[in-house]
Amino acid sequence: MKDPFGSSLLISSSNLAVQPLQRVFHKTTASYKFLWFLAILDLVREAGQGVGPIKLSIAKICTRMVAKSWIPTERFKLSFGRWDQITTIIEALKNPENEFPFDSRYKEAEALRALEGFSCAKPEKFKKIIFSPLARYVPYRFLSVCFLGLLTLSKKPSLSIQRRIRTISPKIA
């Protein structure tokens, strides 16, 4: 995919197949694909090199997505769009009933520590507020382009498509 300025979003390489990743970002109307990808990059970088296969937890990816969104939404009052769940999640964390140690001045690392602590201390609330809204569609929308030959996709991946992706790739929780 080319951006409006004419430069390639991802540079082609004979050593690395970037076409599936290019397809992921071909039609992007919400931030979730970028946040999901940035969260994965962070977790892979932290795991280090030479550790063998890396197992990524969807809960950890979701936590990173919210942490990465913290400063744009809280400090700069940026909206990620009408249908994006990130702002809704952060707004829910502000509610004192949810017992999250909310501070709009958190930096990304501080927000991440607070979110990780929240996931351990209040797992049911974490699941309801953060995990369920993001894990419901994001992994499948991100991965759906990798299964184009095997699936018939509509604009919104339906539950049946999600089930087929889960069958094809059983490692997805």
Side-chain angles (χ1 to χ4, degrees), residues 21 24-25 27-48 53-147 153 155-173:
L21 193 55
V24 165
F25 297 114
K27 291 183 180 177
T28 304
T29 57
S31 63
Y32 69 88
K33 289 180 183 180
F34 295 109
L35 293 168
W36 184 263
F37 185 62
L38 290 171
I40 289 171
L41 288 177
D42 279 356
L43 291 165
V44 168
R45 185 182 62 236
E46 286 176 12
I54 300 169
K55 288 187 178 186
L56 300 176
S57 154
I58 292 178
K60 285 186 178 183
I61 295 171
C62 291
T63 302
R64 293 288 172 131
M65 289 174 71
V66 176
K68 291 205 152 300
S69 306
W70 200 270
I71 291 175
T73 58
E74 287 306 299
R75 197 163 298 153
F76 300 112
K77 306 302 180 203
L78 178 71
S79 169
F80 286 110
R82 185 176 187 182
W83 305 111
D84 241 323
Q85 294 295 312
I86 297 294
T87 306
T88 305
I89 289 167
I90 292 176
E91 288 301 313
L93 292 171
K94 290 179 180 180
N95 185 339
E97 290 177 13
N98 290 322
E99 303 175 68
F100 179 77
F102 187 86
D103 188 338
S104 62
R105 297 167 297 176
Y106 281 152
K107 294 180 180 154
E108 184 179 327
E110 295 165 326
L112 180 59
R113 280 192 298 277
L115 289 160
E116 289 171 339
F118 182 65
S119 71
C120 293
K122 305 288 180 188
E124 290 303 316
K125 289 184 181 193
F126 173 83
K127 182 178 179 183
K128 179 183 175 190
I129 297 168
I130 298 171
F131 182 81
S132 292
L134 294 176
R136 182 173 181 188
Y137 295 116
V138 175
Y140 306 100
R141 289 179 180 169
F142 192 85
L143 290 175
S144 64
V145 298
C146 298
F147 299 101
L153 295 175
K155 285 187 176 183
K156 289 184 180 178
S158 68
L159 291 176
S160 65
I161 289 175
Q162 287 179 223
R163 282 187 207 108
R164 283 190 275 169
I165 291 174
R166 202 176 264 164
T167 302
I168 296 165
S169 181
K171 302 252 184 220
I172 299 174

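Start at 1 with the first residue, then count along the sequence.
- Within the 4.5 Å cutoff, side-chain heavy atoms of P133 are placed close to those of I89.
- In terms of heavy-atom proximity, K125 sits nearest to N98 at CD-O, 3.5 Å.
- In this pair, F100 and Y106 present their aromatic rings perpendicular. The plane angle is above 60°, beyond the 30 to 60° band.
- Distance OG1/T87 to CD/E74: 9.0 Å, rounded to 0.5 Å.
- Counting heavy atoms from C-beta on, the side chains of I61 and L43 come closer than 4.5 Å.
- A donor-acceptor pair under 3.5 Å is formed between the side chain of R75 and the backbone N or O of R105.
- S104 OG to I71 CD1: the interatomic distance, rounded to the nearest 0.5 Å, is 11.0 Å.
- Under the 4.5 Å side-chain criterion, counting only non-hydrogen atoms from C-beta, K60 is not in contact with E46.
- Proximity of a side-chain donor or acceptor of S132 to a complementary backbone N or O of K128 within less than 3.5 Å is not detected.
- The two residues M65 and W36 come nearest to each other via the heavy atoms SD-CE3, 3.4 Å.
- With values rounded to the nearest 0.5 angstrom, K68 atom NZ is found 4.0 Å from D42 atom CG.
- Inter-residue side-chain proximity for C62 and I58 is flagged as met; some heavy-atom pair is nearer than 4.5 Å.
- Contact annotation: the side chain of I86 approaches that of L134 to within less than 4.5 Å [non-hydrogen atoms, C-beta and beyond].
- Rounding to the nearest 0.5 angstrom, the gap separating the CG atom in L115 from the CZ atom in R64 is 10.5 Å.
- In this structure, the separation between OG1 on T88 and CG on L93 is 11.0 Å, given to the nearest 0.5 Å.
- Ion pairing of K94 with E91 is present here, as a side-chain N (NZ or NE/NH1/NH2) and a carboxylate O approach within less than 4.0 Å.
- Contact check for E108 versus W70: no side-chain heavy atoms found under the 4.5 Å cut-off.
- For the pair S119/F131, no side-chain contact is recorded, criterion being any heavy-atom separation below 4.5 Å from C-beta on.
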Practice prompt. Could you please spell out the steps behind the side-chain contact (heavy atoms from CB on, under 4.5 Å) verdict for T63 and F118?
Written response: CA-CA 10 Å; T63 302; F118 182 65; over 6 Å; no
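- Around the NZ atom of K55, the shell of radius 6.0 Å holds no more than 12 heavy atoms that belong to other residues, nucleotides or ligands.
- Residues F102 and I90 are in side-chain contact: their nearest non-hydrogen atoms beyond the backbone lie under 4.5 Å apart.
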